[in-house]
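Computed from a prediction, not measured in an experiment: that's the story for all the values here. So that the names make sense, note that chain A is the first sequence line, chain B the second, and so on, each numbered from 1. Basis for what follows: all heavy atoms, side chains included, without hydrogens, waters or symmetry-related copies.
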Amino acid sequence: QSSSTVYGLVDLGFVRESGGPHGASATKLTSGVASGSRLGFRGTEDLGDGLAAFYVLEMGINADTGTLGQGGLGFGRQSLVGLQGGFGSVSLGRQYTPVALIQTETDPFVTGMAGTSANLISAGGAGGNNRMDNTLRYAYTGKSGLTVDLVYGFGEVNDSSRPKRQFGAAIGYVNGPVYVKLGHHNVNDAKSVPAKITYLGAKYDFGVATAHFNYVVNKGSAVFGLVNADSRDVLVGVSVPYGPGRFMASYIRKDDKTRANLDANQVALGYTYFLSKRTSLYASVARIHNTAPAGASTGFYRVGNATEQGLGSRAYNFGVRHAF
Amino acid sequence: QSSSTVYGLVDLGFVRESGGPHGASATKLTSGVASGSRLGFRGTEDLGDGLAAFYVLEMGINADTGTLGQGGLGFGRQSLVGLQGGFGSVSLGRQYTPVALIQTETDPFVTGMAGTSANLISAGGAGGNNRMDNTLRYAYTGKSGLTVDLVYGFGEVNDSSRPKRQFGAAIGYVNGPVYVKLGHHNVNDAKSVPAKITYLGAKYDFGVATAHFNYVVNKGSAVFGLVNADSRDVLVGVSVPYGPGRFMASYIRKDDKTRANLDANQVALGYTYFLSKRTSLYASVARIHNTAPAGASTGFYRVGNATEQGLGSRAYNFGVRHAF
Amino acid sequence: QSSSTVYGLVDLGFVRESGGPHGASATKLTSGVASGSRLGFRGTEDLGDGLAAFYVLEMGINADTGTLGQGGLGFGRQSLVGLQGGFGSVSLGRQYTPVALIQTETDPFVTGMAGTSANLISAGGAGGNNRMDNTLRYAYTGKSGLTVDLVYGFGEVNDSSRPKRQFGAAIGYVNGPVYVKLGHHNVNDAKSVPAKITYLGAKYDFGVATAHFNYVVNKGSAVFGLVNADSRDVLVGVSVPYGPGRFMASYIRKDDKTRANLDANQVALGYTYFLSKRTSLYASVARIHNTAPAGASTGFYRVGNATEQGLGSRAYNFGVRHAF
């Protein structure tokens, strides 16, 4: 059997951002607006007795400028090897946090376009990242719909396992129209001070529409751009199949429980038009109402997209996404 | 259908350069002498009704040292997605300037080997580059031979669309033995001061030989290494099929219209021997007569090749090129 | 015919290191413990008359963090093009030193896991590297078992061919159970001062076990981490097929002939369990007895693995390796 499948996605779109510091605005051609552009290599090998080996090597690409994604990493999206069988799967490498998977799977915007929930809600990894290095994962999906996801990321600091250590878990039920998962993630900083996130994500497919819901509790040290010393996030959203496409809308409220009380909320609308299963056009608009003034070092949230953090409190974007 | 084709080219050759500053010379093994070494992934998807989606992700490689090309970019040669149909094609991403395509298609050396026309003639993009970031392109090739190529590259500077903006256009007629295209490219610098290039490229295949001709007008701010505050370039060349190979020769004259009057001219000879359609051996020699002294900061032109800028006014090189 | 084969290997394992400076220890998830993780593209083209063209482009990957290997090189493992025929093969690019090939082929640990011979023995290239840039190679393997391997690596310093130049050679006999090769490598530093290594590697497959032997003479300027101003290395080892796996063991002695007399020796044990031809589990332990104190700038040798240099004088590791 062939041992390697080449796959990927190229997404490029126009982005208009405004409401930045001092009223700054920008117009750009951006890679990875709806979904991060990527090139991947993956495969599985049947080892007999229901056991299989698998690997994924996935590069992130900024196709607007030809640079590598994730700040220049070669395989910054995923790089892992594992074994799977009736017991579930065990994998090692650079991988998604369990919380990030819940976030992506329950955001009507699939954490992309102007409306991405990542504008306000953290994916829980170190620095707010949705991926983690040096990670051992155990995952299980039962026939009844039960899912379990456990991760441990080594801090790799000499003489102690505690600094920079990460661990996370999620348990869920995914069956037919029902998706509900509860996740938790804990990241220690270099001084072993933890930041914690607890993430409830749910959606229900009513056929005519899918309802989306998130409830998130952030505790501990601050994550860049996404204050979570003590905050609660709520997302309510809907996605509606319509013709050869899909509308989506969401409202997110961040409730800052610290004395600064820098609350924020986002409203977002979007549409994806499928030219084929693999190719689509999309458009989206989002606006954040910030309590903090534009450009404030904490508590000022920006409308970004699947790849960029964004400039200001408003943005719209439209583009094309092609998977291969 | 399969959705991804892996392709590429590895070119490595010996390069001898001399006539550099203080008489400097060098002997090297260089990647991408005749054509830049590369690894690419591309595909198309039929969307029905004559419409198709396409993408290209192409890495530049310095195979002599294993580094990534274009100064370390991941996909520095091309990274784009687009849609094509009867109307032509629209593509987004990092792409060639229209002028660069004319230059490559009308240089007997295909902008490679010691004789590359890029030693004296700019490809018009920012910094003299043959590629441009953040670019929207419309291209059309009619059955009658008419070609149209339009590009717009976003400057992506906050609050104004003018700084670092690029736009270009080319119109041409390509039919049987005839190739003639006229292109123009305009690059604004960070202060919105434009540099402009107008490029006429032509060739005619007489069967026994192909005649090549370029006439180029450069105006505006200086491009690194290729003074074009005000200059005219003329190339005349010929390429001759001979046995299982092809001879090529060119003469290029740069007429500096500024007060400094740093004129230069290049004579070049080369030969490619085809071991197969995909694999060839090549050899080339070129010499530039500079008015400016060796190593002068402006007006000293160097004999390079498809990848390196070169050291001095003379060089020869020979090597092997293998496409896959 | 298809012109490109995608291949690779993902290896990730747990590493426990101790005996570092001030007693430092570390626990890590590491990529490339037994064999460096990689993604490669290679192909050959039949040119007729027994002649063929070939190329290899091979990326090194640190799959624990998603970075590119070899310090961030794009194709840091190998990038080359060549021609082969009855005369042997000629190749150009970034390639292994002849000595590195002998080392890998005669180490019971295949220069991987805790027991890698590279902990004590240099691969001879610039900086102790097992690869060299800008290299022309001639290699020949005769039907009688004779092998010849010659390399020349350009220093690429202006005006002189001597600084940073490398050259090497190996001659061998490889036939049935017998493997014996003698290699030599010479690296000039930036001031043209040479470092030299002479490497005898042998192994004999008795069926029930394979015996391994190295004798290495190092002369000249110091190589980072591996003092070789004047030293002798001896390796004796054995590898034993056992069930669906293989045991290996080695003892290495470094005899420092300089006045400092910083001798060292390593003992190592390992086991590989093959889940299939392509997928294996492995475990290894090694300990170095250093004369120099822990953390000394010269003469303190560390137990590393196929990718990392290591922290201290002891380590064990275990993991999974999957080739595709």
Start with the C-alpha gap between B/Phe324 and C/Tyr55, add the side-chain angles, then the distance that decides, and say whether side chain to side chain contact (heavy atoms under 4.5 Å, CB included) holds.
CA-CA 9 Å; B/Phe324 57 91; C/Tyr55 76 94; 3.1 Å; yes
With salt bridge (charged side-chain N to carboxylate O under 4.0 Å, His left out) as the criterion, how do C/Arg165 and C/Glu156 come out once you've worked through the C-alpha distance, each side chain's angles and the decisive distance to 0.1 Å?
CA-CA 8 Å; C/Arg165 176 182 67 186; C/Glu156 302 204 348; over 6 Å; no
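C/Thr135 touches chain B through its backbone: at least one of N, CA, C or O sits under 4.5 Å from a heavy atom, while the side chain does not. If you measure heavy-atom distances from B/Leu9 to chain C, you find no contacts under 4.5 Å at all. Neither the backbone nor the side chain of B/Tyr7 comes within contact range of chain C; no heavy atoms are under 4.5 Å apart. At a 4.5 Å heavy-atom cutoff, the contact between B/Ser25 and chain C is made by backbone and side-chain atoms alike. Proximity to chain B (any heavy atom under 4.5 Å) is restricted, for C/Phe154, to the side chain, taken from C-beta onward. For chain C, the nearby part of B/Ile61 is the side chain; its heavy atoms alone come within less than 4.5 Å.
Judged by distance alone, the side chain of B/Gln95 and the main-chain N or O of B/Arg131 form no donor-acceptor pair under 3.5 Å. C/Asn130 places no side-chain N or O within donor-acceptor distance of the main-chain N or O of C/Ala123, the cut-off being under 3.5 Å.
Of the listed residues B/Asp11, B/Thr279, B/Val15, the one with more heavy-atom pairs under 4.5 angstrom with chain C than any other is B/Thr279. Interface remark: of the candidates B/Gly23, B/Ala26, B/Ala24, B/Ala24 forms the most heavy-atom pairs closer than 4.5 Å to chain C. Interface remark: of the candidates C/Leu80, C/Asn158, C/Leu83, C/Asn158 forms the most heavy-atom pairs closer than 4.5 Å to chain B. Comparing C/Leu47, C/Leu57, C/Asn134 by how many heavy-atom pairs each has under 4.5 Å with chain B, the most go to C/Asn134.
Residues B/Leu68 and C/Leu68 form a side-chain contact, since some pair of their non-hydrogen atoms from C-beta on lies under 4.5 Å apart. In this structure, the side chains of B/Thr111 and B/Ser117 come closer than 4.5 Å at one or more pairs of heavy atoms.
Using bins of under 30°, 30° to 60° and over 60° for the plane-to-plane angle, the ring pair B/Tyr242/B/Tyr271 lands in the perpendicular bin.
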